[in-house]
2 protein chains.
Amino acid sequence: MGKHGAEEGREAGTAQRRRLDQAAELCAKRGQTLTPLRRRVFEIVLAADRPLGAYDVMEILARDRGRVAPPTVYRSLDFLVSQGLVHKVLSVNGFVACSASARPHDAQLFICGSCGSSVEVAKKSHAGLIEEEAAALDFAIESVVLEVHGRCHACRLATANPTVHP
Amino acid sequence: MGKHGAEEGREAGTAQRRRLDQAAELCAKRGQTLTPLRRRVFEIVLAADRPLGAYDVMEILARDRGRVAPPTVYRSLDFLVSQGLVHKVLSVNGFVACSASARPHDAQLFICGSCGSSVEVAKKSHAGLIEEEAAALDFAIESVVLEVHGRCHACRLATANPTVHP
DNA sequence: CGTCATGGCGTTACTTTATAACATGACATC
DNA sequence: GATGTCATGTTATAAAGTAACGCCATGACG
Ligand SMILES: [Zn+2]
Ligand SMILES: [Zn+2]
Ligand SMILES: [Zn+2]
Ligand SMILES: [Zn+2]
């Protein structure tokens with residue numbers, strides 16, 4: 001993925017530290033462990049303001065721990081996804097922290113093609129409609145990928161202002 | 001992608017030939033050309049009973065034309081997608097023929113994890129809901145990815161039969 | 001205590017998917 | 001016949017993801 005802006009903060013704020021602790025607790029409740037590596041990967045994803053590619057995470061990890069191989073980071077990311085802490089964003093081959101963090105669910109994401117930011121909204125209404133359609137097909141739903149692409153509010157405002165330099 | 005079953009029929013039936021001719025006409029109307037290569041690629045995708053990977057298409061193409069390089073097939077597939085004749089299926093890295101073939105649109109696909117088949121349904125109702133949510137975020141939608149995973153009718157019936165390939 | 005199963009991680013090597021960059025050919029237009 | 005364009009060929013490489021094996025810490029069990 002692309003270069004970084006202010007996205008990958010080395011030190012998490014208090015809010016994020018609490019998120020991490022909550023996550024650890026959540027995993028523990030399920031008999032799973034948020035190991036130091038997994039915790040650090042989650043921290044990295046949390047600190048980003050947009051979906052990060054697995055190789056981005058690798059690169060950031062490398063600053064702490066030296067070279068890390070792809071399987072290491074993929075395993076951690078997959079774990080976090082399995083715990084519902086992180087969502088995989090297919091349309092950008094990336095991973096983004098779940099903004100709800102309740103329990104595992106399919107995310108609905110609005111992804112900006114300009115700045116790359118993504119916003120998760122609680123999926124509600126159309127879930128019902130999709131289920132209806134599935135029922136009509138006698139199709140047993142296991143998961144739903146719903147990713148909306150376009151331009152976010154901030155980027156639309158920026159476009160109106162021609163004062164941005166290339 | 002996986003190995004093939006009865007999916008990649010060398011000779012198209014009459015129905016498919018008509019689809020191809022319609023497609024050619026459609027492209028022409030837009031000042032675009034369905035060249036022999038593009039036509040053949042479309043034919044291959046049409047003949048498949050499930051999404052094909054670009055490299056699957058390459059392999060099938062190779063039977064006719066000898067070795068074909070990735071850019072060749074990706075370009076043709078991208079063209080077909082741009083014409084709305086084919087949909088890209090992100091969640092399986094594949095390409096499937098549009099079953100409506102009207103004009104370009106975002107597809108809603110039901111994809112079976114057992115047999116790999118995919119069914120396209122006309123997206124209607126929830127489009128409105130997504131638009132509402134987008135409006136609330138002041139987000140300008142450009143495209144929507146909606147892929148539902150699960151088990152299709154046929155595979156659910158076959159559940160007793162362990163003869164379905166994993 | 002030993003030993004055995006387990007889970008998490010490291011490492012190597014590899015596969016699959018996709019694109020950049022540049023060259024060629026065909027055909028239109030001036 | 002030069003110039004532009006579009007589609008395709010070609011080479012090389014990037015980007016994303018996985019298989020397979022082995023190590024070590026932990027904890028159960030005799
Ligand atoms: Zn979420
Ligand atoms: Zn934006
Ligand atoms: Zn369609
Ligand atoms: Zn099926």
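Residue numbers begin at 1 in each chain, while the letters A, B, ... track the order of the sequences.
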Length of the line joining B/Leu37:CG and D/dC6:C1', which is rounded to integer Å:
13 Å

Measure CE/B/Met58 against C1'/C/dT19 and give the value in whole Å, please.
14 Å

Taking atom CD of A/Gln16 and atom CG of A/Asp21, what is their separation to the nearest 0.5 Å?
12.0 Å

Report, one pair per line, the protein and nucleotides 26-29 of chain C atoms (nitrogen or oxygen only) whose separation is under 3.5 Å.
none

Short N/O separations, protein against nucleotides 10-14 of chain D, under 3.5 angstrom:
none

From CZ (B/Phe42) to CZ (B/Phe79), nearest 0.5 Å
10.5 Å

Distance check: side-chain N/O of A/Asn93 vs OP1/OP2 of D/dG17, anything under 4.0 Å?
yes

Can you tell me the distance, in whole Å, between the CZ atom of B/Arg40 and the C1' atom of D/dG9?
19 Å

Could you check whether atom CZ of B/Arg103 has more than 12 heavy atoms from other residues, nucleotides or ligands sitting under 6.0 Å from it?
no

Modelled atom types, side-chain donor and acceptor of B/His105 and B/Glu120, under 3.5 Å:
yes

Starting at CD of B/Gln32 and ending at P of D/dT8, how long is that distance when rounded to a whole Å?
11 Å

Would you say B/Lys88 reaches C/dA18's phosphate, i.e. side-chain N/O to OP1/OP2 under 4.0 Å?
yes

Nearest 0.5 angstrom please: A/Ile60 CD1 to A/Tyr55 OH, how far?
15.0 Å

Quick one: A/Tyr74 OH to D/dA15 P, roughly how many Å, whole number?
12 Å

Cluster question for you: counting only ILVMFWY and a side-chain heavy-atom cut-off of under 4.5 Å, with indirect links fine, are A/Val45 and A/Leu26 together?
yes

Quick one: do the A/Gln108 and B/Glu133 side chains pair a donor with an acceptor below 3.5 Å?
yes

Between atom CG in B/Asp64 and atom C1' in D/dG9, what is the gap in whole Å?
17 Å

Quick one: B/Glu59 CD to C/dT16 C1', roughly how many Å, whole number?
13 Å

Measure from CG on B/Asp56 to P on C/dT15 and round the result to the nearest Å.
16 Å

Between C/dG7 and A/Thr33, is there an OP1 or OP2 to side-chain N/O distance shorter than 4.0 Å?
no

Verify the neighbour count for atom CZ of A/Arg18: are there more than 12 heavy atoms of other residues, nucleotides or ligands below 6.0 Å?
no

Side chain to side chain contact (heavy atoms under 4.5 Å, CB included) partner of B/Cys27, chosen from B/Thr33, B/Leu34, B/Leu80
B/Leu34

